[in-house]
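Report on the structure given below.
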Amino acid sequence: LIARCADSQNVRLAECAATYLRSRQEMTFSCYKTLMKVYAYNGRYDKACDLYAEIKSNGWEPDAVMYGSLVKFAVKAGRTDLSHELAEKLEGGCIRNYMWLIRSAGQEGDVKRAVDTFRKLQANQPELVDVMAYNVTIDACASNKDMARAQQLLEEMRQTHPMNLVTYNTLMKGYCVVGDLPQAKRTMREMEQSGIIPDAASFSCLLSGAAKMLDYQETLKIISEMDRRKLPLDSYVVSIMMQLSRKLPDARDAVRALTILDRPDVLIFEDEVVFNTVLDACIFRRDCKRLARAIQGYPSSKVRASVRTYGLLIKACAVLHRTEACWNFWNEMIERRGIQPNDVTLGCMIDALVEAQRIEDALALFQDWKLKVTCDTIIYSTLIKGFASIGDADRAMALFQDMRTNGVQLNHIVFTALINAHAKNGLMKRAEQLMEEMEREGCKPNAITYSSLIRGHCVRGDISAALNVFHQMVGFGFNADAVIYNTLLDGCVQHGNFELADELLLEMEKSKVAPSNYTLSIIVKMWSKRGDLDKAFKAVRTALRDPTGPNVDAQVGACIVGACIHNRAPQRAIAIFEEMKTWPNFDGPDNNTYSALISGLPRHGYLRKAVELTEEACACLNTRPGQDKRLLAPNALMQLFRALRNERLLHELAPSLAAKLRGAGMPVEERWLTH
């Protein structure tokens with residue numbers, strides 16, 4: 001029964017069986033070996049290692065096979081103390097055990113211990129010393145940038161053994177680790193001159209070196225050469241390109257690096273490591289298309305998800321706005337796989353719920369697990385941010401007090417979230433008190449902290465106080481970024497201080513602060529309020545033409561449509577709405593854009609067009625499986641039905657419209673349908 005649990009990944013059932021056997025004192029040595037296998041199959045190497053102490057406490061001595069497995073598990077789990085203890089048991093063992101001990105030392109950065117273990121092998125069982133033993137030891141040196149010792153071993157090896165493909169690849173890897181890509185290339189040429197043909201791993205070494213230097217063009221050349229030689233792009237190549245995508249400073253090159261995932265010969269489900277790197281890179285770059293493809297392929301893949309994988313799957317679904325899918329992965333991890341979440345995975349789930357504005361669910365999950373999982377500063381700050389986002393300063397403070405009670409480390413992120421919670425409600429006196437308390441605790445404010453204070457003053461309409469905080473921040477040596485400028489700009493536009501808004505935009509340009517999509521949306525609102533619709537359109541079209549400019553997203557789309565409605569230009573609103581559907585990489589129109597049209601068009605004589613767009617929204621907004629419902633604003637729908645009543649079209653159009661809305665999960669109140 002326990003053995004069957006390995007392939008089916010049913011850790012919980014295996015543990016239940018083991019608990020039953022322990023209660024009857026019938027847990028045999030064979031059962032322990034099998035349970036160890038279940039843990040290993042599921043990547044639970046730490047749990048497999050824990051069984052060693054239990055086996056010893058029962059008076060049993062592991063056999064050579066178990067010791068060998070335990071060494072491997074200890075290395076994979078990072079259990080340094082255990083691997084050292086096992087090393088003493090394995091002298092005189094098989095060559096495989098020595099290899100794992102050398103690898104363990106290399107992974108811990110202990111080159112001396114790796115070489116000493118190799119020397120013990122030479123002294124105790126010289127007949128076992130072969131090319132593989134040398135290669136593993138050279139790798140331990142090269143991976144830790146000790147190329148001098150690697151070269152010494154290489155010269156020693158050449159006296160008795162010829163270099164093989166793995167030797168050359170190991171040397172190339174070492175040169176790339178120390179940043180010497182030219183020497184790695186020379187090593188490859190030497191390899192070919194000796195009659196050894198480079199394989200995919202050889203080019204992976206070069207690719208890793210180019211990626212380390214953030215040389216995207218060089219990585220393309222290496223992949224092109226691999227294609228020319230018909231070498232497969234294996235999991236190492238994919239992982240390297242994913243890591244490169246995260247690190248590249250140029251966002252366009254970073255997105256291009258992800259296009260490797262579109263190749264039919266690239267397999268991302270071969271193992272957990274490469275799958276994790278794909279998820280991580282696509283989450284970082286907010287690549288929803290490729291994330292959705294990865295999530296879709298996961299259930300039928302052979303990936304054995306670890307607790308880290310589940311955290312990434314939950315984060316991916318949060319990016320895709322699939323909150324129910326986040327819950328599904330959480331429950332699969334807990335209930336079907338029997339995997340205990342760690343603080344990171346719990347944090348991912350809480351963050352997903354907060355992002356979906358399901359703050360109460362996030363708090364309930366936190367309360368359920370706070371005694372089982374160490375809840376760190378990040379988890380608390382996520383919840384505090386959640387309450388800040390809905391303006392609930394009191395409950396944010398309650399969590400703050402809970403942190404103090406439980407001795408959780410306070411940092412600038414927590415204080416900034418608390419300051420933001422109060423500032424959003426204009427409670428500036430308390431926000432400033434928190435700022436003082438923050439400094440007393442030794443937490444230094446950052447630009448986001450000052451941005452929260454600026455926002456609070458803007459909420460109160462006190463632009464002068466907001467500017468004072470801005471100048472104070474600059475005086476303390478902080479560089480004003482787009483977030484700071486956006487906060488001030490938004491305050492100026494909200495309160496009609498357009499001259500200051502113009503000055504801020506000039507200062508942004510002078511300081512070379514790149515405008516964001518949010519900056520663009522504020523600019524559109526500003527020209528709308530100033531009654532200059534042409535300049536609002538000019539700002540959007542300039543951004544569309546500039547590949548390095550701000551991203552024209554759904555929020556900007558909603559703002560330009562709203563500007564048209566505000567300036568009594570319904571025909572321009574309809575025209576730009578249809579045009580935006582053709583914009584490249586545009587993530588709209590969204591529910592806010594539809595809502596602006598549905599509420600605004602009837603006021604300008606376009607009632608039937610508003611009904612048509614409402615029906616279109618029902619068909620378009622919630623078509624992606626599993627995605628959270630994107631609802632039209634209830635107020636917009638109420639105004640639409642009121643307009644139908646006033647124009648005496650309620651009987652003709654309302655029943656079918658209400659049915660379509662309800663079918664799409666949109667709220668329709670019965671009172672809207674009454675004459």
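These figures come from a predicted structure and were not determined experimentally. By convention here, the first residue in the shown sequence is residue 1.
- With rounding to the nearest 0.5 Å, the separation of CZ in Arg286 from CG in Leu320 is 9.5 Å.
- Note that the CH2 atom of Trp327 and the CE atom of Met349 stand 4.5 Å from one another [nearest 0.5 Å].
- Side chain to side chain, Thr259 and Asp262 fail the donor-acceptor criterion of an N or O pair below 3.5 Å.
- Checked by atom type, the side-chain pair Thr405/Gln401 shows no donor-acceptor distance below 3.5 Å.
- Remark: Glu441 engages Arg404 in a salt bridge, criterion side-chain N to carboxylate O under 4.0 Å.
- A salt bridge is defined here as a Lys NZ or Arg NE, NH1 or NH2 lying under 4.0 Å from an Asp or Glu carboxylate O, and Arg246 with Asp280 meets this definition.
- A salt bridge does not link Arg430 with Glu436: none of the charged nitrogens is closer than 4.0 Å to a carboxylate oxygen.
- Contact between Ile484 and Ala447 at its shortest, heavy atoms only, is CD1-O, 3.2 Å.
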Query - Check against side chain to side chain donor-acceptor pair (under 3.5 Å), Asn517 and Asp553 - result: CA-CA 7 Å; Asn517 59 317; Asp553 63 0; 2.4 Å; yes
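- Side-chain N/O atoms of Asn406 and Asp402 include a donor and acceptor closer than 3.5 Å.
- Atom CG in Leu365 sits 12.5 Å away from atom NZ in Lys370 (nearest 0.5 Å).
- Here Leu410 contributes atom CG and Met438 contributes atom CE; the two are 10.5 Å apart, rounded to the nearest 0.5 Å.
- A salt bridge does not link Asp462 with Arg460: none of the charged nitrogens is closer than 4.0 Å to a carboxylate oxygen.
- Partner of Leu640 under the side chain to side chain contact (heavy atoms under 4.5 Å, CB included) criterion, chosen from Ile598, Leu653, Leu661, Leu632: Ile598.
- In this structure, Phe415 has its ring center under 6.0 Å from that of Phe400.
- Side chains of Thr519 and Ser516: a donor-acceptor N/O pair is present below 3.5 angstrom, by distance only.
- At least one cation-pi condition fails for Arg256 and Tyr216: the charged atom is not both under 6.0 angstrom from the six-membered ring centre and inside a 45 degree cone around its axis.
- Taking the ring centre of Phe387 as origin, the terminal cationic atom of Arg395 falls outside the region bounded by 6.0 Å and 45° from the ring axis.
- Using a 3.5 Å distance cut-off with no hydrogens or angles, the side chains of Tyr450 and Gln472 do not pair a donor with an acceptor.
- Taking CD from Glu503 and CD from Glu499, the interatomic distance works out to 7.5 Å, rounded to the nearest 0.5 Å.
- Defined by atom type and a distance below 3.5 Å, a donor-acceptor pair is present between the side-chain atoms of Thr449 and Asn446.
- Going from atom CZ of Arg642 over to atom CG of Leu650 covers 12.5 Å, rounded to the nearest 0.5 Å.
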